[in-house]
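Values reported hereafter were calculated over all heavy atoms of this structure, with side chains retained and with hydrogens, waters and symmetry mates removed.
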Amino acid sequence: MEQAIGQEPHAAGGPVGTEIDLKAVVVSRAVRDLLQPHGFRPRDIGSGVGGGMAWNRRGGDDTHEMITCNGRLSGDPDRSDWTAGRYGNRGGFVEVTGLTLRGALDAVAVLPRPVRVDGSLAEGIYPSLEDALDDIA
């Protein structure tokens, strides 16, 4: 089974880990220029399976969004190595794997809150954006 971006539960209070000063990390200009204008900031989300580094921004609906390249902040923007996710500050997550960086930005713009119609929390890792949208709808 695939592991979520962060191995720690995404519980009340928002994202796990620690925000990092952008000046303290080595990131390609191409990646920085795509993510920073959209409000994403580097975050150390811990070590272990599924851990590492991710770009994070807060959503306006008790959620936060993260983008990572196999647990790293940088990678080839055109390779399908990126994962995008939306996480509920009270739990639940929806992640899509196998994206380009632009695809990841497109995904976080439309990924739903990780709450099903019946109010239960969703926790899923999907191979495509369409699969995620179909399952949570």
For this session: Flag the pair L129 / L111 as yes when at least one side-chain heavy-atom distance between them is below 4.5 Å, and no otherwise.
Result: yes
Exercise. Roughly how far, to the nearest 0.5 Å, is the CG atom of D44 from the CD1 atom of I20?
Worked result: 4.5 Å
Exercise. Which pair of non-hydrogen atoms, one from P112 and one from L133, has the smallest distance, and what is that distance?
Worked result: CD-CD2, 3.6 Å
Seminar exercise, completed: When every non-hydrogen atom of A104 is compared with those of A84, the smallest separation belongs to O-CB, 3.7 Å
For this session: Please name the residue in the list Q36, R57, R58 that meets the side-chain contact (heavy atoms from CB on, under 4.5 Å) test with R41.
Result: Q36
Problem set entry | side-chain contact (heavy atoms from CB on, under 4.5 Å) involving D33 - partner list, sequence neighbours excluded | R29
Seminar exercise, completed: In short, P42 meets L73 closest at the heavy-atom pair CB-CD1, 3.7 Å
Exercise. So Y126 and I136, side chain to side chain contact (heavy atoms under 4.5 Å, CB included) or not? Walk me through it.
Worked result: CA-CA 11 Å; Y126 301 91; I136 305 301; 3.8 Å; yes
For this session: Work out which heavy atom in L121 is nearest to a heavy atom in G92; give both atom names and the distance.
Result: CD1-N, 4.0 Å
Exercise. Out of L101, N56, V27, which one pairs with L35 under the side-chain contact (heavy atoms from CB on, under 4.5 Å) rule?
Worked result: L101
For this session: With rounding to the nearest 0.5 Å, note down the distance linking CD1 in I67 to OG1 in T83.
Result: 10.0 Å
Seminar exercise, completed: Heavy-atom nearest pair, S74 first then V31, reads OG-CG2, 3.9 Å
For this session: Taking the side chain as every heavy atom from C-beta outward, state whether Y87 and E95 have any pair of such atoms under 4.5 Å apart.
Result: yes
For this session: Decide if atom CZ of R79 counts as having more than 12 heavy atoms of other residues, nucleotides or ligands within a radius under 6.0 Å.
Result: no
For this session: Take R102 and D78, measure what salt bridge (charged side-chain N to carboxylate O under 4.0 Å, His left out) needs, and give me the verdict at the end.
Result: CA-CA 8 Å; R102 287 190 191 276; D78 297 321; 5.7 Å; no
Problem set entry | Side-chain heavy-atom pair H64, R86 within 4.5 angstrom cut-off | no
Seminar exercise, completed: One should read off an interatomic distance between W55 CH2 and L22 CG, to the nearest 0.5 angstrom, of 5.0 Å
Problem set entry | Steps toward side chain to side chain contact (heavy atoms under 4.5 Å, CB included) verdict (R116, D135) | CA-CA 9 Å; R116 297 186 189 285; D135 188 46; 3.5 Å; yes
Problem set entry | Side chain to side chain, H38 and L105, heavy atoms closer than 4.5 Å | yes
Exercise. What closest approach, in Å, do M66 and V108 show between heavy atoms, and which atom pair accounts for it?
Worked result: O-CG1, 4.3 Å
Problem set entry | Close side-chain approach of P114 and T63, heavy atoms under 4.5 Å | yes
